[in-house]
Amino acid sequence: MKFSQLLCPTLKETPREAEVVSHQLLLRGGYIRKVASGLYSFLPLGYRVLKKVEQIVREEMNATGAQEVVLPCVTPAEFWQQSGRWDKYGKELLRFKDRHDNEFCFGPTCEESITDLVVQSVKSYKQLPITLYQIHTKFRDEIRPRFGLMRAREFVMKDAYSFHITNESLDKTYSVMQAAYERILTRCGLAFQLVSADSGQMGGDESAEFMVLAETGEDAVLVAKDGSHAMNTEVADTKPDLDRNLYDEVRGIEVGHIFKLGPKYCEAFKAVVLDENGKNVTMTMGCYGIGVSRIMAAAIEQHHDQDGIIWPMALAPFQVVILVSSMRDDALVAEAEALYASLVAVGIEVLLDDRSESVGVKFKDASLLGIPVQVVVGRDWKESGNYEVRFRQTGEVVSLAALDAVSYLKNRVVCP
RNA sequence: CGGGGCGUAGCGCAGCCUGGUAGCGCACCAGUUUUGGGAACUGGGGGUCGGAGGUUCAAGUCCUCUCGCCCCGACCA
């Protein structure tokens, strides 16, 4: 991609509405724009990052044997009445009527819809266990949306649901999901903490949250000093005899939550299969959510500095940006374009900053955008034929012979 | 919903108290000179001053109502 063609309206000044750093930098970097409170458009760079997170989630889900589906965003009121949540969910559930005066809501989560699907299509214990997931838009009419993508009303979530006839089977899938979530967050380059949690409105027996550690996190977490476990302070508050001296309190951003739901929804939907004796048994269920768009924000909260975003390699919209120090120097431009073509040819995601801006602007924008590797074709190349390579995260600066550039950069953009 | 703050060009702001031709910086367009950490000059374009009503000869400014946005709280993946 050439920067001169890219829709990327960077801002020098922070919009007044943005309070937290991820929101500020996403706006300043031209990643997102606000449409209304809690509603955001993703611009090309923002969408690239979102797709990176989605793809990591998808790969790890598929690796567990989970199957990807898509359910409608709009669901009929009957589903929610059947589970009892039409009354319980409150105003967070966005409700409306169609032209026939039938009631619907925009799904904030999909236990009802997925259970309905499974009821229709799963009839035998031989089809179990099964895990279905989707990566899709959710809407929750939050009391107070805030902090940009951190607590938006419309957001992208991966929600997975597993169905079983034994608790042992549910336990097993729950563990598999936990391990998958650990791999997802590790691949995303995030430091996180697994915490036992309150299952809240979802119901169920056991749940755990995945917290991305960041001082700006909305949640407080108690981590045992011996490292053995951690819990949300919401849970700690229900344990009056807990010795808080044995814990350190840290802040976290909840990016994932896994639940053993049990039979609640399956009972409500009469989700039964025939067992090996030909008898009806009610299924039991687990659900597993990851805030895909929230991970974007959390990654920035954890990885930024005064100059801007510092994307982990796996999430970066581009791995490399080539800065041409002067667009009026034909030799420089030709060299940069040749380098660009050869990097593209080996599959590196590279942005060529071919704008007729001063090199200072290009440095500032490259740092703000958080592209992991900056390759400068300029002064050094004129003098010695070398490129100057700068690493956003470490500040390391390397002088690189042009001949070695492709193989060197290929090695340096590998995701851990 | 309670408390607080803010709405003036894409972004950041001044002007309001004390009513009288709607401004500044950045961004944008054209031209010239520039190009190693947000260049300079010249010339341009862009505004229902959030909306409605009122007071007045005259409202961005005063009054009333209203909508939106942000922060704190309750709530929450």
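Note on naming: letters A, B, ... go to the chains in the order of the sequence lines (proteins, then strands), and numbering restarts at 1 for each one. Quantities reported herein were computed from a predicted structural model and do not represent experimental measurements.
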- Item | Who pairs with B:U32 - Watson-Crick or G-U, where each distance is under 3.5 Å | B:A40

- Note on the structure: Nearest-nucleotide check on RNA chain B, A:Phe147 vs A:Arg294; residue mapping nearer the 5' end is A:Phe147

- Note on the structure: For B:G2, the nucleotide meeting Watson-Crick or G-U wobble distances (both under 3.5 Å) is B:C72

- Task: Considering only NZ, NE, NH1 and NH2 on the basic side and carboxylate oxygens on the acidic side, decide whether A:Arg153 and A:Glu142 come within less than 4.0 Å.
- Result: no

- Under 4.0 Å: is that the gap between some side-chain N or O of A:Ser358 and OP1 or OP2 of B:A39? yes

- Which is true for A:Phe210 with a 4.0 Å heavy-atom rule: it touches a base, it touches only sugar-phosphate, or it touches nothing? nothing

- Distance, C1' atom - from B:U66 to B:C75, rounded to whole angstrom: 27 Å

- Item | Sidechain N-carboxylate O distance under 4.0 Å for A:Glu103, A:Arg95 | no

- Query: Is the distance from OP1 or OP2 of B:C71 to the nearest side-chain N or O of A:Arg144 less than 4.0 Å?
  - Reply: yes

- Side chain of A:Arg151, base of B:C76: donor and acceptor closer than 3.5 Å? yes

- How many Å lie between CZ on A:Arg153 and C1' on B:C69, as a whole number? 11 Å

- Query: Could you give the CD-to-C1' distance, from A:Glu154 to B:A77, as a whole number of Å?
  - Reply: 15 Å

- Message: Within the 4.0 Å heavy-atom criterion, would you say A:Gly289 contacts the bases, only the backbone, or no part of the nucleic acid?
- Response: nothing

- Query: For A:Ala366, which contact category applies under a 4.0 Å heavy-atom criterion: base, sugar-phosphate, or nothing?
  - Reply: nothing

- Which value, in whole Å, describes the distance between the C1' atoms of nucleotides B:G36 and B:U32? 23 Å

- Message: Taking B:A22 as the reference, what is the distance to B:G46 when you measure between their P atoms (whole Å, please)?
- Response: 15 Å

- Rounded P spacing from B:G7 to B:G12 in Å: 11 Å

- Describe the nucleic acid contact of A:Arg355 in one word from base, sugar-phosphate, nothing, applying a heavy-atom distance below 4.0 Å. nothing

- Query: Would you say A:Tyr133 and A:Met61 make side-chain contact, with heavy atoms under 4.5 Å?
  - Reply: yes

- Euclidean distance, atom CG of residue A:Leu94 to atom P of B:C76 [Å, nearest integer]: 19 Å

- Query: If we take the P atom in both B:G43 and B:C26, what is their distance in whole Å?
  - Reply: 14 Å

- Item | Salt bridge A:Glu349-A:Arg48, side-chain N to carboxylate O under 4.0 Å | yes

- Item | Spacing of A:Glu19 atom CD relative to B:C70 atom P, expressed in whole Å | 11 Å

- Query: Do the side-chain N and O atoms of A:Ser293 and A:Tyr40 include a donor-acceptor pair separated by under 3.5 angstrom?
  - Reply: no

- Task: Find the distance A:Asn232:CG to B:C76:P and express it as a whole number of Å.
- Result: 11 Å

- Query: Side chains of A:His257 and A:Glu254: do they bring a donor and an acceptor to under 3.5 Å?
  - Reply: yes

- If pairing means Watson-Crick or G-U wobble with both distances under 3.5 Å, then the partner of B:A59 is none

- Task: Give a yes/no answer on whether the side chain of A:Ser37 brings an N or O atom under 4.0 Å of OP1 or OP2 in B:C70.
- Result: yes

- Item | Touch class at under 4.0 angstrom, heavy-atom based, for A:Asp380 against every strand present | base

Distances under 3.5 Å between nitrogen or oxygen atoms of protein and nucleotides 5-9 of chain B:
residue: B:C6; atom: O2'; partner: A:Arg16; partner atom: NH1; Å: 3.3
residue: B:C6; atom: O2'; partner: A:Arg16; partner atom: NH2; Å: 3.0

- With respect to the side chain of A:Arg140, which nucleotide from B:A74, B:G38, B:A77 is positioned closest? B:A77

- Task: Whole angstrom is fine here: how far is it from OH in A:Tyr89 over to C1' in B:C75?
- Result: 12 Å

- Item | Complement of B:C26, any strand, by Watson-Crick or G-U distances under 3.5 angstrom | B:G10

- Task: Could you please name the option among B:C11, B:U34, B:C1 that lies closest to any side-chain atom of A:Ile143?
- Result: B:C1

- Before accepting this row, confirm whether a basic side-chain N of the pair A:Glu17/A:Lys34 lies closer than 4.0 Å to the acidic partner's carboxylate O. yes

- Query: Taking N and O atoms by type only, does the side chain of A:Asp365 place a donor or acceptor under 3.5 Å from a partner on the base of B:G38?
  - Reply: yes

- C1' atom, B:C16 versus B:A59: distance in rounded Å? 10 Å

- Which part of the nucleic acid does A:Val255 contact within heavy-atom distance under 4.0 Å: base, sugar-phosphate only, or nothing? nothing

- Message: Can you tell me whether the side chain of A:Thr14 and the base of B:G12 have a donor-acceptor pair closer than 3.5 Å?
- Response: no

- Task: In whole angstrom, give the distance that lies between atom CG of A:Asp329 and atom P of B:U34.
- Result: 13 Å

- Hey, is the side chain of A:Glu388 pairing donor to acceptor with the base of B:G36 inside 3.5 Å? yes

- Message: Looking at A:Arg28 and A:Glu13, is any side-chain nitrogen of the basic one under 4.0 Å from a carboxylate oxygen of the acidic one?
- Response: no

- Taking OP1 and OP2 of B:G38, is either one under 4.0 Å from a side-chain nitrogen or oxygen of A:Lys362? no

- For A:Ser83, which residues count as a side chain to side chain contact (heavy atoms under 4.5 Å, CB included) partner, sequence neighbours excluded? A:Arg85, A:Glu112, A:Tyr265, A:Phe269

- Message: Under 5.5 Å centre to centre and under 30° between planes: does that hold for A:Phe259 and the six-membered base ring of B:A77?
- Response: no

- Under 4.0 angstrom, heavy atoms only, what part of the nucleic acid is A:Glu254 near: base, sugar-phosphate, or nothing? sugar-phosphate

- May I ask you to verify whether the side chain of A:Arg33 and the base of B:G10 hold a donor-acceptor pair under 3.5 Å? no

- Identify, between A:Val359 and A:Gly148, the residue whose nearest nucleotide on RNA chain B lies closer to the 5' end. A:Val359

- Message: Looking at A:Arg244 and A:Asp237, is any side-chain nitrogen of the basic one under 4.0 Å from a carboxylate oxygen of the acidic one?
- Response: yes

- Distance between the C1' atoms of B:G19 and B:C62, in whole angstroms? 8 Å

- Gap in Å between the two C1' atoms, one belonging to B:C49 and one to B:C67, rounded: 16 Å

- Message: Below 30° counts as parallel, above 60° as perpendicular, anything between as tilted: where do the rings of A:Tyr181 and A:Phe210 land?
- Response: tilted

- Note on the structure: For B:A77, the nucleotide meeting Watson-Crick or G-U wobble distances (both under 3.5 Å) is none

